[in-house]
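Quick note: numbers below take in every heavy atom, side chains included, and nothing from hydrogens, waters or symmetry partners. Chain letters run A, B, ... following the sequence lines, proteins first and then strands; every chain starts at 1.
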Amino acid sequence: MIDLKAARADPDRYRAALARKGAAEAFDELLAADERWRALVPRVDELRARTKLRGKPSPEQLEELRGVKEELQQVEASLAGAERDRDRLALRVPNLPADDVPDGATEDDARELRRVGEPPELADPKEHLELGRFDMDRAARMSGARFGYWIGDTARLALALYRYALDRLAAQGFVTVLPPVLVRAEALVGTGAFPTDEQNVYELAGDDLFLAGTAEIPLAGLHAGEIIDRDELPLRYVAFSPCFRREAGAAGRDTRGMIRVHQFNKVEQFALTLPEASWDEHERLLANTEELVRDLGLPYRVVVLPAGDMSAASAKTYDVEIWFPSQGRYRETASISNTTDFQARRLGIRYRDGKALEPVHTLNGTAVVDRMALAILENFQDGDGSVTVPGPLVALGAPRRIGGEPASTGD
RNA sequence: GGAGGGGUGGCAGAGCGGUCGAAUGCGGCGGUCUCGAAAACCGUUAUCCGUCGCAAGGCGGAUCGAGGGUUCAAAUCCCUCCCCCUCCGCCA
């Protein structure tokens, strides 16, 4: 939710910034609805004040009350309607993009910041399906398209990857969390997933619960409605969770393999900071992710998403993209966003600044995901169908080598 | 799933038709005392919206889990929903 008071005071700046996210019209509608609402407030307040009586009223007062209440009823109904309109529109207006975010609406407009590491030179790169042990066919039989089993050494590789990220971030002071992944609509509204990205969220049939597409949702909800001591900030969390996405609108894209599936696992960073600290924190979260990827030896690049390609909540998003030899290109494997006060406003997460209460800033960012394990398989293939697993993961229980011959560890 | 109890300010906890935005304690803030601090004592301290003001603040309204209802009047009575606790059942 944007700061409506600030928006009223400086509508041109807000409109210009929101236009870059394609939301100038939504913003104008919001301002108009806000104006309608504000015109009604003083009238309702005045009528309500006239209904307030102390002690037992006299017959004359009761007579007068009748008239006032009749009028009040009508004006209150108008006010309630105006408020509904305003609130509905307010939920649809996205966060303002930061000034240094490039224009554009698609991933082609992303600005590349740097490339780190060299893509491996492979004569005939195999793709992850051939290198690791996955079972897409049986998963399809059971769950449908875009599901897969991770089996044996390949599964152990993924588990070591999660542990690698969790351990490293815990050592940095991030508090480890295993969150609920079934959440209420409020949590999704609060993070900005609803109403703009509703079609990508699974809903449970018998209960009013939804499957979270990322641990960001329950992590943002962790402190919902709370007032946090200034001294306690920043709060940093790292969570492991499965993630569920309907991938509506992705029909036909990445239909092969495990690149884009309905269910995957992710280790997510989440931070709550003072407003003045969030841009430094954003860089810090990105640095954490880069360090994890770099220390595995994976070649990657960092891009800044254009305004029109970011989520509603985000003011600025970095993507870390890892090289996929089978595709000959970099693919998104991490997304790190500063949502500034957008989520904190919706969720009511505030800190006390002197006397006033102000919304905190929230940030989220991928530490590692399943997709990185696919990148490991592909980048460290040895040409004979086997894979040399990076040392840091072997130290955490991943097999030293994967493939080449039947799995020796696990089933 | 069944039975009962409960959701009140930063926290704990009273209030159970009007004098209640709400006792009291803790915590916070300011002060007295002190070389300084602790203790003690005094004062102060909810949030949101609108509006006026450069500001401090003033004025009006709303808010006692959420939504509806009864009433001239609701934290208090009624209904629905959500959540928490206790016991029973089931269960990793």
Using distance only, find each side-chain donor-acceptor pair of residues 173-186 of chain A under 3.5 Å and give its atom names and separation, not counting sequence neighbours.
none

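Nucleotides B:A66 and B:A75, compared at atom C1', are 15 Å apart to the nearest Å. B:U76 and B:G17 are spaced 11 Å apart, taking the P atom of each and rounding to whole Å. Look at the C1' atom in both B:C20 and B:A46: the space between them is 14 Å, to the nearest Å. The separation of B:G15 from B:G6, taken at their C1' atoms, amounts to 15 Å, rounded to a whole angstrom.
Atom-to-atom distance recorded for A:I349:CD1 and A:L235:CG is 9.5 Å, nearest 0.5 angstrom. Of the inter-residue distances, the one linking A:H361 atom NE2 with A:R345 atom CZ reads 8.0 Å to the nearest 0.5 angstrom. Summarising the geometry, atom OG belonging to A:S326 is positioned 9.0 Å from atom CZ belonging to A:R256; distances are rounded to the nearest 0.5 Å.
With sequence neighbours excluded, the residues that form a side chain to side chain donor-acceptor pair (under 3.5 Å) with A:T214 are A:K266. In this view, A:N200 and A:D197, A:R246, A:A248 satisfy the side-chain contact (heavy atoms from CB on, under 4.5 Å) rule, not counting sequence neighbours.
Remark: P of B:A62 and CD of A:E83 are 13 Å apart, rounded to the nearest angstrom. A straight line from CD1 of A:I227 to P of B:C11 spans 7 Å, rounded to a whole angstrom. We find that CG of A:L72 is positioned 15 Å from P of B:C72, with the value rounded to whole Å. The distance between atom CD of A:E76 and atom P of B:A62, rounded to the nearest whole Å, is 9 Å.
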Could you run down the sub-3.5 Å N/O contacts of the protein with nucleotides 54-61 of chain B?
residue	atom	partner	partner atom	Å
B:G60	N2	A:D45	OD2	2.9
B:G61	O2'	A:D45	OD1	2.9
B:G61	O2'	A:R48	NH1	3.1

Check nucleotides 67-71 of chain B against the protein and report each pair of N or O atoms closer than 3.5 Å, with its distance, or say if there are none.
none

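Counting only distance, with no hydrogens or angles, the side chain of A:T366 and the backbone of A:V368 share no donor-acceptor pair below 3.5 Å. Between the side chain of A:R245 and the main chain of A:G213, a donor-acceptor pair closer than 3.5 Å is present. Counting only distance, with no hydrogens or angles, the side chain of A:T106 and the backbone of A:D108 share a donor-acceptor pair below 3.5 Å.
A salt bridge links A:D28 and A:R15; the closest N-O separation between the charged side-chain nitrogens and carboxylate oxygens is under 4.0 Å.
Each of A:R146, A:R253, A:R260 was evaluated against A:E247; a single residue qualifies, A:R260, per the salt bridge (Lys or Arg N to Asp or Glu O under 4.0 Å) test.
Comparing A:P42 and A:E186 by the nucleotide of RNA chain B that holds the closest heavy atom to each, the one mapping nearer the 5' end is A:P42.
Against RNA chain B, the stretch residues 2-12 of chain A makes heavy-atom approaches under 4.0 Å through A:K5, A:R8.
For A:R350, counting side-chain heavy atoms from C-beta on, the closest listed nucleotide (B:C49, B:C82, B:U47) is B:U47. Distances from the side chain of A:R184 to the nucleotides B:C49, B:C82, B:U47 place B:C82 closest.
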